Amino acid sequence: MNYEFLVVGQGITGSIVALQLKKSLRKFKLIECGNPNTSSKVAAGIVHPISLKRCNFSWRGKEFYDFSDAFYKKINTESSIELYKSCKLLRIFASFEEQNNWIGKTNNEIYKNILSLNNKKVDNVQNMFGSGIVELCSRLSVNEFLGFVSSSLLKSNMLKKDLFKAENLKLKNNRFHYKSDIYSKVIMCDGVNALKNPMFNYLPIIPNKGELLKVSSNILPPQIINCGIFSLPETKNIFTVGSTYSNEDQKNNVTIGAKEYLMKKLNKVIEIDGIDIIDQKFGFRPTSFDRKPLIGEHPIIKNLFTVNGMGSKAILMAPLLVRELLNYIYLKKPLDPMVNINRFTKKINNENIDYAKSLEFSI
């Protein structure tokens with residue numbers, strides 16, 4: 001079978017690639033291995049444009065948010081499911097300095113209708129420095145979103161549940177052959193698995209482990225709170241608490257240290273004796289050396305692309321960055337230099353060169 005695209009990976013980013021290709025009526029196949037410990041499958045789904053620690057917009061934050069907000073609202077309409085909805089986030093200040101920074105921003109016209117001060121008491125929450133509200137905030141139900149995309153692609157025969165193996169990809173006359181199918185282009189959305197893939201393992205991807213808790217509580221507030229970590233209401237008396245960030249721990253298991261860290265942070269603002277831990281999960285986020293996404297075309301193998309390195313912000317960033325990659329592919333519009341992988345071309349090594357040569361084959 002002939003296709004225009006092969007997409008590898010159905011995490012958040014791969015799902016968004018698939019949705020955009022499907023909407024533009026492109027013929028493609030997506031391959032997904034079903035790893036349960038990807039960051040996508042444990043992501044909380046909170047989306048906003050603010051860097052809470054610095055109390056300002058994150059890089060391209062408002063631009064990303066506006067595009068993603070419109071994108072996910074369209075998915076709601078198309079799916080007839082409320083996968084994405086607006087909410088507010090309560091930020092518990094950790095110091096008078098943070099409080100003053102927040103007050104300053106609320107008086108700035110740029111942050112009008114985005115940041116505000118919270119003047120209401122929040123039951124059971126200790127906030128001696130006060131709190132603020134991120135008014136421009138939403139939540140994507142990530143697992144339901146991934147399930148919707150998977151179901152939609154399966155119905156259209158666009159999804160293959162399989163482990164992608166780079167050694168099975170071959171190239172002849174500028175066309176990619178993978179098993180019994182032929183593709184004009186390949187987009188890799190394989191997250192931390194790129195480190196094991198000779199296509200893009202020269203890129204400085206850093207697996208960042210995140211652990212979350214599922215807890216039961218009668219005292220946690222029925223709203224999203226953030227105090228360096230977050231508490232997210234799921235159903236009545238059930239909450240997700242997270243997340244940790246570790247570049248050092250690469251083990252495929254949950255840890256006592258992460259559980260203790262999260263509960264200690266939570267104990268600073270609420271009495272944890274009234275909280276029972278039900279479950280603990282982990283996932284690995286693909287982050288980059290310079291903390292910017294990794295988007296673009298392979299420097300040697302033409303029509304081979306990657307979308308990676310968004311860390312915990314894939315839900316926020318991916319819709320627009322995927323659109324920009326597709327505009328690069330079809331319209332030759334330049335990619336943002338901050339994300340373009342050509343900034344790391346000098347890191348190409350002999351393994352990558354040998355792999356590129358090995359793609360060529362005779363039928």
Side-chain angles (χ1 to χ4, degrees), residues 6-17 30-43 58-60 64 142 146 163-167 169 186-211 243-253 282-301 304-322 324-325 328 335-356 359:
L6 170 62
V7 182
V8 178
Q10 200 235 311
I12 292 165
T13 301
S15 294
I16 290 168
V17 169
L30 187 150
I31 294 178
E32 164 62 15
C33 70
N35 183 349
N37 298 124
T38 62
S39 57
S40 295
K41 294 194 173 75
V42 297
S58 56
W59 174 71
R60 293 182 67 183
F64 283 132
V142 179
L146 296 177
L163 178 65
F164 176 81
K165 295 182 179 180
E167 61 268 25
L169 188 71
V186 177
I187 301 180
M188 301 298 300
C189 308
D190 51 349
V192 297
N193 288 329
L195 289 169
K196 303 172 185 176
N197 190 327
M199 297 176 184
F200 290 107
N201 64 2
Y202 70 91
L203 293 173
I205 294 172
I206 304 170
N208 183 285
K209 187 176 182 180
E211 298 189 52
S243 173
T244 60
Y245 294 82
S246 175
N247 294 334
E248 292 78 32
D249 181 9
Q250 302 297 308
K251 295 179 180 178
N252 286 296
N253 58 262
F282 73 94
F284 289 96
R285 314 172 183 94
T287 61
S288 67
F289 177 77
D290 59 4
R291 298 186 179 183
K292 292 293 185 291
L294 300 162
I295 318 291
E297 186 173 15
H298 196 282
I300 301 173
I301 308 165
L304 173 61
F305 306 91
T306 186
V307 187
N308 211 329
M310 293 182 224
S312 60
K313 293 188 176 181
I315 299 169
L316 174 69
M317 293 180 170
L320 182 53
L321 289 178
V322 168
E324 290 177 357
L325 175 63
Y328 168 80
L335 292 168
D336 185 332
M338 298 291 283
V339 306
N340 197 325
I341 60 171
N342 64 13
R343 68 193 193 272
F344 296 116
T345 299
K346 290 182 179 179
K347 290 185 175 291
I348 286 277
N349 56 43
N350 290 334
E351 178 193 12
N352 308 124
I353 295 170
D354 290 343
Y355 172 76
L359 279 180

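Quantities reported herein were computed from a predicted structural model and do not represent experimental measurements.
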### Query
When you look at V192 and Q250, which way does the side-chain contact (heavy atoms from CB on, under 4.5 Å) test go after all the steps?
CA-CA 11 Å; V192 297; Q250 302 297 308; over 6 Å; no

### Message
With side-chain contact (heavy atoms from CB on, under 4.5 Å) as the criterion, how do F64 and K313 come out once you've worked through the C-alpha distance, each side chain's angles and the decisive distance to 0.1 Å?
### Response
CA-CA 10 Å; F64 283 132; K313 293 188 176 181; over 6 Å; no

### Query
Do V7 and C189 pass the side-chain contact (heavy atoms from CB on, under 4.5 Å) test, and can you show the C-alpha distance, the side-chain angles, and the key distance before you say yes or no?
CA-CA 7 Å; V7 182; C189 308; 4.1 Å; yes

### Task
May I have the step-by-step check of side-chain contact (heavy atoms from CB on, under 4.5 Å) for I300 and N352, ending in yes or no?
CA-CA 9 Å; I300 301 173; N352 308 124; 5.6 Å; no

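Going from atom CG of L359 over to atom CD of E167 covers 11.5 Å, rounded to the nearest 0.5 Å. Atoms CD and CG, from E32 and L163 in turn, are 10.0 Å apart once rounded to the nearest 0.5 Å. Annotation: the span from F305 atom CZ to I341 atom CD1 amounts to 9.5 Å, rounded to 0.5 Å. Atom CE of residue M317 and atom NZ of residue K292 lie 7.5 Å apart, to the nearest 0.5 angstrom. Between the CZ atom of F289 and the CG atom of L294 there is a distance of 12.0 Å, given to the nearest 0.5 Å. In this structure, the separation between CD1 on I187 and CG on N308 is 12.5 Å, given to the nearest 0.5 Å.
Taking all atoms of both residues into account, the shortest heavy-atom contact from P299 to T345 is CB-CG2, 4.0 Å. Heavy-atom minimum distance, G14 versus L30: O-CD1, 3.7 Å. Residue A314 comes nearest to P319 through the heavy atom pair O-CD, 4.0 Å, listed as atom of the first residue, atom of the second, then distance. Closest non-hydrogen pair, I205 versus G191, comes out as CD1-O, 4.2 Å. Nearest heavy-atom pair across G11 and S15 is O-OG, 2.8 Å.
When the side chain to side chain donor-acceptor pair (under 3.5 Å) test is applied to S312, no partner is found at least two apart in sequence or on another chain. Contacts of D249 classified as side chain to side chain donor-acceptor pair (under 3.5 Å), with partners at least two apart in sequence or in another chain: K209. Partners of R343 by salt bridge (charged side-chain N to carboxylate O under 4.0 Å, His left out), not counting sequence neighbours, listed by chain and number: D290. E351 meets the side chain to side chain donor-acceptor pair (under 3.5 Å) test with N201; sequence neighbours excluded. For the salt bridge (charged side-chain N to carboxylate O under 4.0 Å, His left out) test, no residue two or more places apart in sequence or in another chain qualifies with E297. For T13, the side chain to side chain donor-acceptor pair (under 3.5 Å) test picks out no residue, with sequence neighbours left out.
Shown are V8, L6, N193; of these, the side chain to side chain contact (heavy atoms under 4.5 Å, CB included) with M188 is made only by V8. Of the options N247, T244, T287, a side-chain hydrogen bond (donor to acceptor under 3.5 Å, both in side chains) to N208 is made by N247 and by none of the others.
Side chains of I295 and M310 form a contact here, defined as non-hydrogen atoms less than 4.5 Å apart. Contact check for M199 versus T306: no side-chain heavy atoms found under the 4.5 Å cut-off.
Taking the six-membered ring where the residue is Trp, F282 and F284 present perpendicular rings, their angle passing 60° and hence far from 30°.
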